[in-house]
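Being a predicted model, the structure only gives us computed values, none of them experimental.
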Amino acid sequence: MSLQAQKSTRVAYADLVRVIAILMVVLIHTAAPLFSTLPTDSNGFAVSVLLDGIAHAAVPLFVMVSGIFLLDEKRMMSVHRAIRHYALPLVGLFFFWSVLYAVANKVAFPLLLENAGINLTLVKNFGVSVLEGAYHMWYIPMMAGLYLITPLLRTFVRRDSIHLVRWFLLIVFVLRFVLPTGIRLVAAFTGIDFATAYNSFELLAGWEYPFYYVAGWYIANTHPDTSTRRKVYAAGALALAMMLGFTGWVSAFQGEPVKELMEQKNLFCCVYAVALFALITWQGQNLRANALLTRLSALSFGVYIVHVEVQQLYKLFIPYRGGSALVYILVQWIAVTVVSFAATWVLSKIPLLKRSVRA
């Protein structure tokens, strides 16, 4: 979903990563509401943990695939270019879609569905919504920030200084993923407040995204032997199992949903996402681009933008009323995905809107 990446020569495995990632994004937003509301001892909760957890590699996958292209030594990347050609267009997209979402959710819906009147509160809610953006749009300013630090990262993210890349990844991995996750797990089961110790590592808050960004470049530019690859894949499978198991266990132990162990700043999600990206990248080096995969990949950013509105309408008319959580999640996921791709395709054909759904 990286800006400008679509303009480069198609890389089939990168297209595949984008398609898988956007399917995961829609699945997260489909399963998460049931994860947050169902009893932790119910079968529906277990299903939501499974599907939500599997899908949580989505954002790391998008960030890693961006790293492949934006950290490429062959791509010109000055500070001026990072600002003008990468960050600023994303800021523009953020506010363009923020205004549309604010009009729909803070003006149109209250006026049409809630019989609200135009008053100071409605105007205030509109203004706040424009500045904050829809809940899923945090990704856009985050990526703009990554684009801004790309010239800095490019000073050492090079093939002739691969040892510095490894050192960067190791430092962030230990301080941002390993130690905080360990502290949180101990706190979850002992009830002891380790806030001071945990906050010591919050100095690297947000550094999970530069980590994934650089990791994407590193994985795409390394070619380990078969034995090493299998170990990476095994570590990813184990991390996924631990993420799902600990999430269910801690949630049951505390009697309420605990999603923290599935977040992208968590050790288990990190290892799982990196291993999945490595699997697709290393095994897909000889994958040939095809028209369908290319087209779906090109629509992925638009699907990311529009799917939440499609999902909101779906849940408005077809809310979950009990029954099989698995069936409800899968049917909604398929329906929202298909409609979102179709809506994005239509928008991509409209001259004044097509740039708003392409990245």
How about [X] and [Y]: does a side-chain donor come under 3.5 Å of a side-chain acceptor?
| X | Y | value |
| --- | --- | --- |
| R321 | Y328 | no |
| Q264 | Y209 | yes |
| S348 | R295 | yes |
| H136 | H29 | no |

Original post:
Yes or no on side chain to side chain contact (heavy atoms under 4.5 Å, CB included) for F277 and V65, after CA distance, side-chain angles and deciding distance?
Top reply: CA-CA 8 Å; F277 181 82; V65 81; 4.3 Å; yes

Closest heavy-atom contact between [X] and [Y]?
| X | Y | answer |
| --- | --- | --- |
| V306 | Y101 | CA-OH, 3.6 Å |
| F35 | F45 | O-CE1, 3.3 Å |
| L261 | M243 | O-CG, 3.3 Å |
| W207 | V172 | O-CG1, 3.6 Å |
| V303 | T344 | N-OG1, 3.3 Å |
| A220 | I68 | CB-CG1, 3.8 Å |

Got a donor-acceptor contact below 3.5 angstrom from the [X] side chain to the [Y] backbone?
| X | Y | answer |
| --- | --- | --- |
| S161 | F156 | yes |
| W333 | A31 | no |
| R288 | A12 | no |
| S66 | F62 | yes |
| D52 | S48 | no |
| S129 | N125 | no |
| T181 | L267 | yes |
| S340 | T337 | no |
| H85 | A82 | no |

Atom [atom1] of [X] with >12 non-hydrogen neighbours under 6.0 angstrom:
| X | atom1 | value |
| --- | --- | --- |
| N43 | CG | no |
| K315 | NZ | yes |
| W345 | CH2 | no |
| W138 | CH2 | yes |

**OP:** Starting at OH of Y13, measure out to OG1 of T281 and round the result to the nearest 0.5 Å.
**Re:** 5.5 Å

Subject >> I305 side, atom CD1; M137 side, atom CE - distance, nearest 0.5 Å >> reply: 5.0 Å

When you group the ILVMFWY residues by side-chain heavy-atom contacts below 4.5 Å and let the links chain together, are [Y] and [X] in the same group?
| X | Y | value |
| --- | --- | --- |
| M64 | I162 | yes |
| L146 | L152 | no |
| F168 | L148 | no |
| I28 | L23 | no |
| V258 | V47 | yes |

**OP:** Kindly determine whether T150 and Y213 satisfy side-chain hydrogen bond (donor to acceptor under 3.5 Å, both in side chains), including the steps that lead there.
**Re:** CA-CA 9 Å; T150 296; Y213 197 48; 2.8 Å; yes

Original post:
What pairs meet the salt bridge (Lys or Arg N to Asp or Glu O under 4.0 Å) rule with one or both residues in residues 208-227, with sequence neighbours excluded?
Top reply: R176-E208

**OP:** Could you list all the salt bridge (Lys or Arg N to Asp or Glu O under 4.0 Å) pairs where at least one residue sits in residues 147-158, not counting sequence neighbours?
**Re:** R158-D160

Original post:
Hydrophobic clusters join Ile, Leu, Val, Met, Phe, Trp and Tyr when side-chain heavy atoms are under 4.5 Å apart, directly or via other members; which others share one with L120?
Top reply: none

Original post:
Do the non-hydrogen side-chain atoms of V232 and W282 ever get within less than 4.5 Å of each other?
Top reply: yes

Subject >> 4.5 Å side-chain heavy-atom contact, Q283 and Y233 >> reply: yes

**OP:** Measure from the ring center of F211 to the ring center of F177 and say whether it is less than 6.0 Å.
**Re:** yes

